[in-house]
Protein chains: 2
Amino acid sequence: MTKGPLKSRHHHGDLKPALIKAGIDLLEEGGINALSLRKCAARAGVSHAAPAHHFDGLAGLKQAIAEEGFHLFSSYLQGACDSGPQDPKGRLRSLCRGYLQFGLDHPGILAVIFGDQGLAGLVHGGGKEKADAYLTLRAVAAPFVAPGQDRLVVETQIWSLIHGFTLLYLAGEFGSPPPPIDEGPFAQVIALLDALHPASAP
Amino acid sequence: MTKGPLKSRHHHGDLKPALIKAGIDLLEEGGINALSLRKCAARAGVSHAAPAHHFDGLAGLKQAIAEEGFHLFSSYLQGACDSGPQDPKGRLRSLCRGYLQFGLDHPGILAVIFGDQGLAGLVHGGGKEKADAYLTLRAVAAPFVAPGQDRLVVETQIWSLIHGFTLLYLAGEFGSPPPPIDEGPFAQVIALLDALHPASAP
DNA sequence: GGCCACAACTTGACGGCGTCAAGATCTCCG
DNA sequence: CGGAGATCTTGACGCCGTCAAGTTGTGGCC
């Protein structure tokens, strides 16, 4: 049997993804501090030292979770800017809303993605998972890049604003627990991006 | 002797501030993960359980450090916007530069200030330390608040942008280790705030 | 001035954590 | 069928936060 009855296998078989899944569950249930190698192992039904054979310590597990989390993050961003008005400004606002919504729905995953080993690791390490999300941002930002302007500037303006706003939102700056998006200052704050003008319609 | 030769006191006397200072040192030397109650106690020359009599666990120590760190943070912001051009836009840009500079100089303290127990705690708890820094922001933002507009919106726009930008900067998004401010995209990104206009000069 | 109550700190222990070394077990392939 | 190698277990170590109980110095009260 290579994958027999999925039961009583002494060599679990799909341990790595199972550990990542367990880690994500822990993250969603108890936040970033509830994530530990030993608890992931326990949830996956293996011994406490088993994860060491699949990840380079806790940092490695967090990075693997971050890569997985980026998929979900990307789907939030893409889904958001595919819904709503399809003009450049409409897509930009929807992207930002999707960013904040992801933070509200999955604060633990956001913390891992942008945590010590998350973002820093992805910036340097492969980062192809991050690229998906960043390409969505790039596509949405493109109409606002003036001819001859560095697109990195516009992308960073958007990213900085929505990232900072999301973190302040999650920290309870506008109410604790954070209010629904439409009851917070989201629209008014993001309106700062109205200063950006589509290059084709100045 | 009430405060005799400062030596061999079995009842340390100034343990609480000494622990906070030790914690800040640890933070500056090894980042947020290097901070522990036991190491603070060792640095202060007391037993491992002594901190428990002065702080409510590790979270309490972090909050105390955050309050202390906010003083330094405030001085960075105030000092920055007091130097440089004194027109509204000049002060705004200087404030942002001071924010980023603080992050570059003291990333560990920034992490504690805006960490789990830091910002969240200060938002709800007293928060008078935070208020100093926020009042600086408020004063700098004031000229850009249009009549009838909610000043919270303008303040949040500024705070979100510089906060998000600083975190991306520290994460190595523009080079690792982060480049000096003038070699990064700081000026161009912060130029988004040029969309704000002093109410007296529309 | 002497004693006592109280605050400050120590000692010791507990469980949880990440990590390493060594051993057991299963699978696959020759 | 048998061995090689990957996979997982067991056990141990040191560090961590936290609690309970004991010790020591201090200031106030009689």
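Here is how names work: the chains are called A, B, and so on, in the same order as the sequence lines, proteins then strands, and each is numbered from 1.
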- request: Using only heavy-atom distances, determine whether the side chains of A:Tyr99 and A:Trp159 contain a donor-acceptor pair under 3.5 Å.
  value: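 Looking only at side-chain atoms, A:Trp159 and A:Tyr99 do form a donor-acceptor pair, the distance falling under 3.5 Å.
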Which protein N or O atoms sit under 3.5 Å from an N or O of nucleotides 11-15 of chain C?
from: C:dG12; atom 1: O6; to: B:His48; atom 2: NE2; distance (Å): 3.0

Rounded to the nearest angstrom, tell me the gap between atom [atom1] in [X] and atom [atom2] in [N].
{"X": "A:His53", "N": "C:dT27", "atom1": "NE2", "atom2": "C1'", "value": "16 Å"}
{"X": "A:Leu37", "N": "C:dC20", "atom1": "CG", "atom2": "P", "value": "11 Å"}
{"X": "A:Leu58", "N": "C:dC17", "atom1": "CG", "atom2": "P", "value": "11 Å"}
{"X": "B:Phe55", "N": "D:dG17", "atom1": "CZ", "atom2": "C1'", "value": "15 Å"}
{"X": "B:Lys62", "N": "D:dC16", "atom1": "NZ", "atom2": "P", "value": "13 Å"}
{"X": "B:Lys16", "N": "C:dA7", "atom1": "NZ", "atom2": "P", "value": "15 Å"}
{"X": "A:Asp14", "N": "D:dA6", "atom1": "CG", "atom2": "P", "value": "18 Å"}
{"X": "A:Leu19", "N": "D:dT7", "atom1": "CG", "atom2": "P", "value": "13 Å"}

task: Let me know, please, whether B:Gly45 or A:Leu35 comes out on the 5' side of the other along DNA chain C by nearest nucleotide.
output: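 Whichever sits nearer the 5' end wins; that is B:Gly45.
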Can you list the residues that meet the salt bridge (charged side-chain N to carboxylate O under 4.0 Å, His left out) rule with [X], with sequence neighbours excluded?
{"X": "A:Asp25", "answer": "A:Lys21"}
{"X": "A:Arg151", "answer": "none"}
{"X": "A:Arg91", "answer": "A:Asp82"}

Pairs of donor and acceptor atoms involving the side chains of residues 37-44 of chain B, under 3.5 Å and at least two apart or interchain, shall be tabulated with distances.
from: B:Lys39; atom 1: NZ; to: B:Ala34; atom 2: O; distance (Å): 3.2
from: B:Arg43; atom 1: NH1; to: B:Glu29; atom 2: OE2; distance (Å): 3.0
from: B:Arg43; atom 1: NH2; to: B:Glu29; atom 2: OE1; distance (Å): 2.7

Residue pairs passing the salt bridge (charged side-chain N to carboxylate O under 4.0 Å, His left out) test where at least one lies in residues 68-79 of chain B, sequence neighbours excluded: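 Sorted result for residues 68-79 of chain B: empty, none.
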